[in-house]
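Below you'll find the structure, written out as structure tokens, and then a few comments.
Computed from a predicted structure; not experimentally measured. Letters go in sequence order (proteins before strands), and every chain restarts at 1.
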Amino acid sequence: MKRIVIADDSATARMFIKRCLEIIGFNDAEIIEAEHGKQALAAAKEQEVDLLLTDLNMPVMDGETLVKWAKASPKLANLPIVVISSAGNPAKEKQLLEMGVHRVLNKPVSPPAMMDALADFMDE
Amino acid sequence: MIEHKPLYQAMISAVSQTLENMAFMEAMEHFNPKYEIPTDEVVCNSILINDPIQGEIKLAMSKSLLLKLTCNLFSLGEDEIDPSQMDDILNELLNTIVGLFMTNLLSDNQEYKIGLPETEIAGLPEIDASTIVWKLMTSEEDAIQIFATGASLVELK
């Protein structure tokens, strides 16, 4: 069973992402919800996590800072991170990919886009 | 002046795509450009655009449309809906719409920064010559209005 952290300050966005995950086959994944990057980072450090899905624009700790902290942590450096945000654009996407993010998706995310982004991860 | 694509169409596309993907609803220009959402029915929120232009975008719709969207998205009945869920949906819709609007508006290599959405208690904004208004509706003829203010944003019109 996969354990997935979803970091987004919007309950609507988290619910929408969970629904996309269910549609593409992650029905039995354990989902850990976080309202900001700091909460997500704490959850990922406390438990064995397989995937982190994060928004960029969040209070307390934004998604970009979360990525920097995760990549600097020996435990989380190899954790696949997918950014799902309304604040993305090609320039920001390039920057995030250079930081080690697996994929960047724009909101509103759709099940096909999610499936494409997580294809490698689903095969594991 | 920054390089940009047509402003009016950028917003129409952003609203259409957001409603279609999030709520499986179509959005189009309102058939009556003079239509106003009744003030006692309106819910409204706002978000700041901080960079590379400065402006504010407000989203307004009727409470009944927001309730319908909330029921659809959370798969709940009307009596099960919490007001905080309605606020959250309104904020996530605006956040997504404005992100897409900026992506549609700016050239590919242009970064942008937007703020966090906030609920507006004052209701519909005052409209003056420096306000751009989009009057839209869903396929069920529920009205959605978008307001843009801020000199550097409005001058892209």
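Among all heavy-atom pairs drawn from B:Leu116 and A:Asn57, the shortest one is CD2-O, 3.7 Å. Taking both residues in full, the closest heavy atoms of A:Ser10 and B:Asp88 are given as OG-OD2, 2.8 Å, listed atom of the first, atom of the second, then distance.
Linking Ile, Leu, Val, Met, Phe, Trp and Tyr residues whenever their side-chain heavy atoms come within less than 4.5 Å places B:Met11 and B:Leu7 in a single cluster. A:Ile32 and A:Leu51 fall into different hydrophobic clusters, where Ile, Leu, Val, Met, Phe, Trp and Tyr side chains are chained together by heavy-atom contacts under 4.5 Å. Under a hydrophobic-cluster definition in which Ile, Leu, Val, Met, Phe, Trp and Tyr are linked whenever side-chain heavy atoms come within less than 4.5 Å, directly or via other members, A:Met15 and A:Leu118 are assigned to the same cluster. A continuous path of ILVMFWY side-chain contacts below 4.5 Å connects B:Leu94 to B:Ile89, so both sit in one hydrophobic cluster.
Using a 4.5 Å cut-off between heavy atoms, B:Met102 makes no contact with chain A at all. Proximity to chain B (any heavy atom under 4.5 Å) is shown, for A:Glu93, by neither the backbone nor the side chain. At a 4.5 Å heavy-atom cutoff, the contact between B:Phe74 and chain A is made by backbone and side-chain atoms alike. Contact annotation for B:Gln110: only backbone heavy atoms (N, CA, C, O) come within less than 4.5 Å of a heavy atom of chain A.
In this structure the side chain of A:Lys107 never reaches within 4.5 angstrom of the side chain of B:Met22, judged on heavy atoms.
In B:Lys5, the NZ atom is crowded: over 12 heavy atoms of neighbouring residues, nucleotides or ligands sit closer than 6.0 Å. Annotation: A:Lys75, atom NZ; neighbour count of heavy atoms from other residues, nucleotides and ligands within 6.0 Å is above 12. Residue A:Glu30 places its CD atom among more than 12 non-hydrogen atoms of other residues, nucleotides or ligands, all under 6.0 Å distant. The 12-atom threshold is not exceeded at NZ of A:Lys38, counting heavy atoms of other residues, nucleotides or ligands nearer than 6.0 Å.
In this structure, CG on A:Asp55 lies 7.0 Å from CD on B:Glu92, to the nearest 0.5 angstrom. Rounding to the nearest 0.5 Å places OG1 of B:Thr103 at 12.0 Å from NZ of A:Lys92.
For the side-chain contact (heavy atoms from CB on, under 4.5 Å) with A:Pro108, the qualifying choice from B:Leu93, B:Thr96, B:Ile97 is B:Thr96, the only one to do so.
Looking only at heavy-atom pairs under 4.5 Å with chain A, the residue among B:Val98, B:Leu73, B:Thr70 that has the most is B:Leu73.
Remark: the B:Asn95 side chain and the A:Ser86 side chain contain an N/O donor-acceptor pair separated by less than 3.5 Å.
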